[in-house]
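Quick note on labels: first sequence line is chain A, next is B, and so on, each numbered from 1.
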Protein chains: 2
Amino acid sequence: MNNKTYFSGCSISMHQCRCFDTLTENEKKLVEKNSVSISYKKGEVICKRGSFASHVMYLESGLAKVYIEDGVNTLVLKILPEKNLLGLASVSDDFKTFEYSVMAYIDSEILQIDIGTFKKLLVQNPVFAKEVIDIQNANSVQIYGRFFCLTHKQSFGRLADILLCLSDRIFKKDEFELPLSRKELAELSGLSSETVIRMLKVFRQDSLIGIEGKMFKLLDREKMKQISETG
Amino acid sequence: MNNKTYFSGCSISMHQCRCFDTLTENEKKLVEKNSVSISYKKGEVICKRGSFASHVMYLESGLAKVYIEDGVNTLVLKILPEKNLLGLASVSDDFKTFEYSVMAYIDSEILQIDIGTFKKLLVQNPVFAKEVIDIQNANSVQIYGRFFCLTHKQSFGRLADILLCLSDRIFKKDEFELPLSRKELAELSGLSSETVIRMLKVFRQDSLIGIEGKMFKLLDREKMKQISETG
DNA sequence: TTGAGTTACTGATCTGGATCAGTTTGATTT
DNA sequence: AAATCAAACTGATCCAGATCAGTAACTCAA
């Protein structure tokens, strides 16, 4: 009876945004007419928590972090891969402002969709609305896992988790160049950068990973998985 | 420039569930016909994370905790006051099972609504769907705040936060009888029960609160607020 | 190629809160 | 009223990870 349930702190949504597929041709045109596309460079802030939300956003390409901060600490809620919606809370009249901040990890392309148009579609196309609910749900469940991970796992488990997650869900191979600084990696795992650096060293010494600068290589996936589950 | 943003770890949704108001008479009857009401005693498990979800739930009366656990640790996602929906994720086909567990803090009445019926309403009544989206949003935003609180505030801030929250949102007065054990209060604030007990002692010594067994009385709300913001 | 700034890394120290090992209190049963 | 058991509380100790105070390496600009 020692089968602990496993929660992934993985902060990357796997949900494929299908909601636009449910629109009619006319509706698609309506969206096109009422949206603009904007480019962001690596490190640029895409939206600030608390600022007026006149649009829903869609990450067409790139990679972004969704986070909240209080001036001292930053909490990364999730990593957002391309083809995902952002700022959905603003469709509720209760939230006139963005509920979180978003920053581009790498150069990214954002589609801003007028909130009025989006709301109109929600009410006029129930299947679309249903898809949006699905997105919200996937989102919640993922946040629950991450919440558990950051509050109840300890450092090695968290870091192993994040590394596996990045490899599996973003880069889709064992070797990848990580576009994040050590500090960003630390903030993602809810640790100090010093701690992360020390831990990476241990992982390397134990031949779990190979690191050269920003190049990461998973050498022992099996053991890594085990650490992420038990640690 | 030292105005830190304040996140409440308050785990109690203030959202009033309005979604049923949007239904027509016929739809209301449909819901009534396809739902059952069940009583739970204090401490009873209302649903288990991972079990099949054939229904959405509505807490008619009582008070419950929504949580996830891995066999060792428990994370309380939120406290659920009466008149709130539960287990919404199961309306998504991706989630056939409950995404969290629920336990009654006090004797509670639960309405189980057939999932098929609920889904049907979602697709047939867009205003209803919109209300459900609003509920999801309120939920997410609240969890974000709690997430931040439990990961970045320290013990005194967290406990002050929870106490204020219970007083404000559940009991709606400064003096109340808390139906939770010290251990449950601890788990709610992400601390060990020993730590919570010690902290309560400090609060009492500083005349911030009065405690006698399960009776709590907030004596210095102002200072309490301050601790919850800075600590 | 020098210097200025940022990021990576290392070592030494500190500490918040957990853990462990009790005692006391209170509720419930017999 | 004695016995039992869980919850409340206390004190002593420990440790994971933060923090501080550096050095080293790696940009990038002039």
Side-chain angles (χ1 to χ4, degrees), chain A residues 9 41-43 69-70 72-75 103 105-106 148-163 177-205 209-216 227-228 230-231, chain B residues 9 41-43 69-70 72-75 103 105-106 148-163 177-205 209-216 227-228 230-231:
Chain A
K41 288 233 173 311
K42 177 185 168 114
E69 53 183 351
D70 70 352
V72 179
N73 297 294
T74 300
L75 169 68
M103 180 187 281
Y105 269 141
I106 59 177
F148 189 92
C149 179
L150 290 202
T151 48
H152 288 296
K153 268 190 201 175
Q154 39 203 63
S155 57
F156 283 98
R158 286 191 222 169
L159 188 60
D161 213 14
I162 297 289
L163 291 176
E177 186 178 352
L178 190 68
L180 312 184
S181 68
R182 299 292 192 262
K183 184 160 176 305
E184 277 168 323
L185 188 56
E187 149 185 301
L188 195 53
S189 35
L191 298 163
S192 72
S193 55
E194 293 95 327
T195 300
V196 165
I197 286 165
R198 275 183 261 263
M199 283 168 41
L200 287 176
K201 196 176 162 192
V202 173
F203 277 162
R204 185 169 39 188
Q205 281 165 353
I209 55 173
I211 321 174
E212 234 166 291
K214 298 211 174 295
M215 285 305 300
F216 284 71
I227 290 173
S228 102
T230 61
Chain B
K41 289 233 172 310
K42 176 186 168 115
E69 53 183 351
D70 70 351
V72 179
N73 296 294
T74 301
L75 169 67
M103 180 188 280
Y105 269 141
I106 59 176
F148 190 92
C149 179
L150 290 202
T151 47
H152 288 296
K153 270 189 200 175
Q154 40 201 63
S155 58
F156 282 97
R158 285 191 222 169
L159 188 60
D161 212 15
I162 297 288
L163 291 175
E177 187 178 352
L178 189 69
L180 311 184
S181 68
R182 299 292 192 262
K183 184 160 176 305
E184 277 168 323
L185 188 56
E187 148 186 303
L188 196 52
S189 34
L191 298 164
S192 72
S193 55
E194 292 95 326
T195 300
V196 166
I197 286 166
R198 275 182 261 264
M199 283 169 40
L200 287 175
K201 197 176 162 191
V202 173
F203 278 162
R204 185 169 39 189
Q205 281 165 353
I209 55 173
I211 322 174
E212 234 166 292
K214 298 211 174 293
M215 286 305 300
F216 284 71
I227 290 173
S228 101
T230 59

Exercise. Grab the NZ-C1' distance between B/Lys42 and D/dA7 for me, whole Å please.
Key: 12 Å
Between the protein and nucleotides 7-9 of chain C, are there any N/O to N/O pairs under 3.5 Å, and if so, what are the atom names and distances?
{"residue": "C/dA8", "atom": "OP1", "partner": "A/Lys214", "partner atom": "NZ", "Å": "2.9"}
{"residue": "C/dA8", "atom": "OP2", "partner": "A/Arg182", "partner atom": "N", "Å": "3.1"}
{"residue": "C/dC9", "atom": "OP2", "partner": "A/Arg182", "partner atom": "NE", "Å": "2.7"}
{"residue": "C/dC9", "atom": "OP2", "partner": "A/Arg182", "partner atom": "NH2", "Å": "3.2"}

Quiz prompt | Integer-rounded Å distance: D/dA16 P and A/Arg158 CZ | solution = 13 Å
Self-check item: Pair listing, salt bridge (Lys or Arg N to Asp or Glu O under 4.0 Å) test, anchored in residues 193-202 of chain A, at least two apart
Solution: none
Quiz item: Are OP1 or OP2 of C/dG17 and a side-chain N or O of B/Ser155 less than 4.0 angstrom apart?
Solution: yes
Self-check item: Which nucleotide in C/dC20, D/dT19, C/dG16 has an atom nearest any side-chain atom of B/Gln154
Solution: C/dG16
Output side-chain donor-acceptor pairs under 3.5 Å for residues 149-159 of chain A, partner residues at least two apart or in another chain, one line each.
{"residue": "A/Thr151", "atom": "OG1", "partner": "A/Phe147", "partner atom": "O", "Å": "2.7"}
{"residue": "A/Thr151", "atom": "OG1", "partner": "A/Phe148", "partner atom": "O", "Å": "3.2"}
{"residue": "A/His152", "atom": "NE2", "partner": "B/Thr74", "partner atom": "O", "Å": "3.0"}
{"residue": "A/Lys153", "atom": "NZ", "partner": "A/Phe7", "partner atom": "O", "Å": "3.0"}
{"residue": "A/Lys153", "atom": "NZ", "partner": "A/Asp161", "partner atom": "OD2", "Å": "3.4"}
{"residue": "A/Lys153", "atom": "NZ", "partner": "A/Ser228", "partner atom": "O", "Å": "2.7"}
{"residue": "A/Arg158", "atom": "NE", "partner": "A/Lys153", "partner atom": "O", "Å": "3.1"}
{"residue": "A/Arg158", "atom": "NH1", "partner": "A/Ser189", "partner atom": "O", "Å": "3.1"}
{"residue": "A/Arg158", "atom": "NH1", "partner": "A/Gly190", "partner atom": "O", "Å": "3.0"}
{"residue": "A/Arg158", "atom": "NH2", "partner": "A/Leu150", "partner atom": "O", "Å": "3.4"}
{"residue": "A/Arg158", "atom": "NH2", "partner": "A/Lys153", "partner atom": "O", "Å": "3.4"}

Quiz item: Taking CD from B/Glu184 and C1' from D/dA6, how many angstroms apart are they, rounded to a whole number?
Solution: 13 Å
Exercise. Could you tell me whether the phosphate oxygens of C/dA18, OP1 or OP2, come under 4.0 Å of any side-chain nitrogen or oxygen in B/Thr195?
Key: yes
Quiz item: Per the atom types in the model, does the base of C/dG11 pair as donor or acceptor with the side chain of A/Arg198 at under 3.5 Å?
Solution: yes
Self-check item: A/Asn73 CG to D/dT19 C1', straight-line distance once rounded to whole Å
Solution: 13 Å
Quiz item: Got a sec: does the CD of B/Glu212 have more than 12 other heavy atoms crowding it under 6.0 Å?
Solution: no
Quiz item: For A/Leu180, does its backbone N or O pair with a side-chain atom of A/Lys214 as donor and acceptor, under 3.5 Å?
Solution: yes
Quiz item: B/Leu191 has a side chain; which of D/dA18, C/dG17, D/dT10 sits nearest to it?
Solution: C/dG17
